[in-house]
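Notes to accompany the following structure.
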Amino acid sequence: QVQLVESGGGLVQPGGSLRLSCAASGSIRSIKAMCWYRQAPGKQRELVVGLTSSGTANYEDSVKGRFTISRDNAKNTVYLQMNSLKPEDTAVYYCNVRGRSTSLREFDVWGQGAQVTVSS
């Protein structure tokens with residue numbers, strides 16, 4: 001079984017920065033992709049950025065140049081550095097990790113979500 005624990009988030013003024021972390025633990029054999037999604041009130045969940053095992057990152061257009069995804073392979077942890085935050089970035093942010101467990105089964109798990117509020 002694989003679990004994710006998210007940390008970070010909070011309240012920040014426009015133009016500020018926050019960093020989210022998501023640590024994966026459990027019976028992990030390999031990780032295929034680590035992604036961040038967000039869901040704003042009244043809107044559908046959307047992909048913010050995905051990071052493949054080869055290191056390729058694909059960002060949603062509105063966050064390009066402001067958000068950066070990174071990964072610590074030794075810790076099975078993914079980070080989302082968010083700079084120049086805007087009120088429209090306000091949402092609950094979820095990490096998602098896909099991979100293969102030690103029993104060779106594929107897994108697709110979600111973090112518990114972290115609230116990010118950008119407001120003056």
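- Using cut-offs of 30° and 60° for the angle between ring planes, the Phe67 and Tyr93 rings count as tilted.
- When the side chains of ILVMFWY residues are joined at heavy-atom separations under 4.5 Å, either directly or via intervening members, Trp110 and Val116 end up in two distinct hydrophobic clusters.
- Taking the centre and axis of the six-membered ring of Phe107, the NZ or CZ atom of Arg100 falls outside the cone set by 45° and 6.0 Å.
- Gly111 approaches Leu4 most closely through the heavy-atom pair N-CD1, 3.5 Å.
- Hydrophobic clustering of Ile, Leu, Val, Met, Phe, Trp and Tyr side chains at less than 4.5 Å, counting indirect connections, unites Val12 with Trp36.
- Salt bridge status for Asp61 with Lys64: present, with a side-chain N to carboxylate O gap under 4.0 Å.
- For the pair Ile69 and Met34, the tightest heavy-atom approach, listed with the atom from each and the gap, is CD1-O, 3.7 Å.
- In this structure, the side chains of Leu20 and Met82 come closer than 4.5 Å at one or more pairs of heavy atoms.
- Counting heavy atoms from C-beta on, the side chains of Val2 and Val97 never come closer than 4.5 Å.
- Ser103 is not listed as a side-chain neighbour of Ser27, based on a closest heavy-atom distance of 4.5 Å or more.
- Ionic pairing of Arg38 and Glu46 is present here: one or more N-O contacts between side-chain nitrogen and carboxylate oxygen are shorter than 4.0 angstrom.
- Asn83 and Ser17 share a side-chain donor-acceptor pair at under 3.5 Å.
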### Chi angles and distances behind the side chain to side chain contact (heavy atoms under 4.5 Å, CB included) call for Ser25, Gln3
CA-CA 5 Å; Ser25 63; Gln3 302 86 31; 3.6 Å; yes

### Task
Report the C-alpha distance between Cys35 and Cys95 in whole Å, list the side-chain angles of each, state the deciding distance to 0.1 Å, and finish with yes or no for disulfide bond (SG atoms under 2.5 Å apart).
CA-CA 6 Å; Cys35 306; Cys95 67; over 6 Å; no

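- Taking all atoms of both residues into account, the shortest heavy-atom contact from Thr52 to Arg71 is O-NH1, 4.4 Å.
- Between the side chain of Thr90 and the main chain of Glu88, no donor-acceptor pair closer than 3.5 Å is present.
- A donor-acceptor pair under 3.5 Å is formed between the side chain of Glu6 and the backbone N or O of Gly113.
- Under the 4.5 Å side-chain heavy-atom criterion for Ile, Leu, Val, Met, Phe, Trp and Tyr, Val109 and Tyr94 are members of distinct hydrophobic clusters.
- Within a 6.0 Å sphere centred on CZ of Arg29, other residues, nucleotides and ligands contribute 12 heavy atoms or fewer.
- Linking ILVMFWY side-chain heavy atoms closer than 4.5 Å, directly or via other members, places Leu51 and Tyr79 in two distinct hydrophobic clusters.
- Side-chain contact between Val118 and Gln13: absent, with no pair of heavy atoms (C-beta onward) separated by less than 4.5 Å.
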### Evaluation steps, side chain to side chain contact (heavy atoms under 4.5 Å, CB included), between Asn96 and Asp108
CA-CA 7 Å; Asn96 170 256; Asp108 184 340; 2.7 Å; yes

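- At a threshold of 4.5 Å between non-hydrogen side-chain atoms, the residues Tyr59 and Thr68 count as touching.
- A side-chain donor-acceptor contact under 3.5 Å links Arg66 to the backbone of Ser84.
- Asn58 places none of its side-chain heavy atoms less than 4.5 Å from the side chain of Val49.
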### Message
Is there a side chain to side chain contact (heavy atoms under 4.5 Å, CB included) between Arg98 and Ile31? Walk through the geometry before answering.
### Response
CA-CA 6 Å; Arg98 301 191 298 275; Ile31 291 178; over 6 Å; no

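- No continuous path of hydrophobic side-chain contacts links Leu80 to Val92 [ILVMFWY only; heavy atoms under 4.5 Å].
- Side-chain polar atoms of Thr117 and Ser119 form no donor-acceptor pair below 3.5 angstrom.
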